[in-house]
Amino acid sequence: MSKKHYLITGGAGFIGNHVIRYLLKNKEVRVTCIDNFDTFYSREIKLQNISDLQESPDFKLVENDLDELNPSILKKIINEPIDIIIHLAAKAGVRPSIQDPKSYIKTNITATQNLLDFAVQKNVSKFIFASSSSVYGNNKNLPWNEHEILYPISPYAATKLAGEAFGHVYNNLYHLPFIALRLFTVYGPCMRPDLAIYQFTKSILEATPITIFGDGNSSRDYTYIKDIVKGIVKAAEIDVQYEIINLGNSQTVLLKDLIANIEKVTNKKALIKWRPMQPGDVTYTYADIRKAEWLLDYHPETNIEEGLLEVYQWFKKHEELLLAH
Ligand code: NAD
């Protein structure tokens, strides 16, 4: 029997490389990864993310820009059956999306729609889409369940909501099984350099000031990468037609407590510059994860102290590379 073939887009990125490593533990799986090593952050970090994967005979890297690939070009590049697509490639980050919404629309909506066409042509059994907690905006009805009214407040959030909607369209028109996973602030080793936990850990280690937007009382539902990966992989396996599912930790952490925790883990004091809250940033996120518990048997296990320690240890291991970025 041939191995199950996954196409993972954005596989050289933070979440992608962890998903691929987890999938390849199963010897009956092979993975094709499409990534364009976009310039949002360093190519070196992404190459480091996948350095061990490149040694596996079940891993294939296709360096290509999804923005430039219509379904017929994609068919030429991947001229073999695909079982499951996990679409993680995106322009991420709320603040840069306000500066350049068009490029977010191109990658997160147009390229997603192209990939959906390709998925239909390939007759894949599942399309997983990485959506985001940002679609909830500043909805006050906490914790958020998947039926809440959505109030996106950034172009990034709007593109993620559009991706969910296109998934619904393709499920309705072509019966493409589609799951949108609303991911809540993911962190852990290999995390993106723009993410707060990376920035804060780096600044504390370098004894440079941290810029805090707001008064420290904003909060996030931080979700550890290993927990997210299990949820993503399980979603790829279940038999459903169209679902939207939150993947969070369902525990909120105040920004000021997050910093205190990083200080504890690194045993160093933070230098803080206070600035006003930024437009587009939400004040809080908080996931109701009952649907994930029920559908995916998803039970996040890593608390913030354990997760931050893992991030710190990763920093120490790759200090030269990470402190340079
Ligand atoms: P990341 O930037 O580390 O990974 C995304 C990868 O996609 C990168 O390697 C990048 O090079 C690639 N990419 C971007 N544009 C591409 C294109 N046009 N063609 C091919 N490849 C392209 O980000 P991440 O944190 O791993 O996020 C993965 C997904 O999860 C994204 O869709 C993101 O929106 C979503 N998400 C992440 C978080 C989080 O906290 N990290 C939260 C919610 C949703």
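Order of listing sets the numbers, starting from 1, for every ligand and every atom in it.
- Remark: ligand 1 atoms within the under-4.0 Å shell around heavy atoms of Phe37 are 11 (O).
- Relative ring orientation between Phe166 and Tyr170 is described as tilted, the plane-to-plane angle lying within the 30° to 60° band.
- In this structure, a donor-acceptor pair under 3.5 Å is present between the side chains of Ser72 and Asn70.
- Electrostatic pairing of Glu63 and Arg43 counts as a salt bridge here, judged by a charged N lying under 4.0 Å from a carboxylate O.
- Ion pairing between a basic and an acidic side chain is recognised when a charged N comes within 4.0 Å of a carboxylate O; Arg21 and Asp52 show such pairing.
- Each of the following atoms of ligand 1 lies closer than 4.0 Å to a heavy atom of Ala89: 7 (O), 13 (N), 21 (N), 22 (C).
- Ranked by closest heavy atom to atom 4 (O) of ligand 1, the top entry among Gly13, Ser132, Ala12 is Gly13.
- Salt-bridge annotation for Arg95 and Asp281: present, with a side-chain N of the basic residue lying under 4.0 Å from a carboxylate O of the acidic one.
- Counting protein heavy atoms only, atom 43 (C) of ligand 1 is closest to Leu183 O, 3.3 Å.
- Aromatic ring centres of Tyr224 and Tyr187 lie closer together than 6.0 Å.
- Remark: among candidates Asp67, Asn49, Thr107, the nearest residue to atom 15 (N) of ligand 1 is Thr107, based on non-hydrogen atoms.
- For atom 19 (N) of ligand 1, the closest non-hydrogen atom of the protein is Leu66 N, 2.9 Å.
- Only side-chain heavy atoms of Lys46 come within less than 4.0 Å of ligand 1; its backbone N, CA, C and O stay farther off.
- Listed by number with element, the atoms of ligand 1 under 4.0 angstrom from any heavy atom of Ala130 are 29 (C), 30 (O), 32 (O), 35 (C).
- Tyr104 places a side-chain N or O within donor-acceptor distance of the main-chain N or O of Gly93, the cut-off being under 3.5 Å.
- Nearest residue to atom 32 (O) of ligand 1 from Lys160, His87, Glu63 is Lys160 (criterion: closest heavy atom).
- Looking only at protein heavy atoms, the nearest one to atom 16 (C) of ligand 1 is Asn36 OD1, 3.2 Å.
- For atom 29 (C) of ligand 1, the candidate residues are Leu88, Ile197, Asn108; the nearest heavy-atom contact is made by Leu88.
- Asp117 and Gln121 share no side-chain donor-acceptor pair at under 3.5 Å.
- The closest heavy-atom contact to atom 36 (N) of ligand 1, among the options Phe184, Tyr156, Tyr222, comes from Tyr156.
- Of all the heavy atoms in Asn249 and Pro300, the pair that sits closest is OD1-CB, 3.2 Å.
- Distances between N or O atoms of Ile15 and those of ligand 1 include at least one value under 3.5 Å.
- Proximity to Asn64 (heavy-atom distance under 4.0 Å) selects the following atoms of ligand 1: 19 (N), 20 (C).
- Counting heavy-atom neighbours within 6.0 Å of Lys291 NZ, excluding the residue itself, gives a total above 12.
- For atom 41 (N) of ligand 1, the nearest non-hydrogen atom from the set Lys91, Arg192, Glu68 belongs to Arg192.
- Checking each of Thr223, Ile245, Ile15 against Leu183 for a side chain to side chain contact (heavy atoms under 4.5 Å, CB included) leaves exactly one that passes, namely Ile15.
- Residue contacts with ligand 1: Leu195 is placed with no nitrogen or oxygen under 3.5 Å of a nitrogen or oxygen of the ligand (distance criterion only).
- Side-chain contact, Thr252 with Asp221: no donor N or O sits under 3.5 Å from an acceptor N or O.
- Between the side chains of Tyr136 and Asn246, at least one donor N or O lies within less than 3.5 Å of an accepting N or O.
- Of all atoms in ligand 1, listed by their number and element, those nearer than 4.0 Å to a heavy atom of Thr185 are 40 (O).
- Residue-to-ligand polar distances keep Ser133 apart from ligand 1: every N/O pair is separated by 3.5 Å or more.
- The backbone of Ser131, and not its side chain, has at least one atom closer than 4.0 Å to an atom of ligand 1 (non-hydrogen atoms only; backbone = N, CA, C, O).
- Scanning all protein heavy atoms for the shortest distance to atom 40 (O) of ligand 1 gives Val186 N, 2.8 Å.
- Atoms of ligand 1 lying under 4.0 Å from at least one heavy atom of Asp65, given by number and element, are 17 (C), 18 (N), 19 (N).
- By the 4.0 Å N-to-carboxylate-O rule, Lys269 lies close enough to Glu263 to be salt-bridged with it.
- Summary of contacts: the protein heavy atom closest to atom 14 (C) of ligand 1 is Ala90 O, 3.4 Å.
- Taking a 4.0 Å cut-off on heavy atoms, Gly11 fails to register as neighbouring ligand 1.
- Residue contacts with ligand 1, taken as heavy atom pairs separated by less than 4.0 Å, involve Tyr41 solely via side-chain atoms from C-beta onward.
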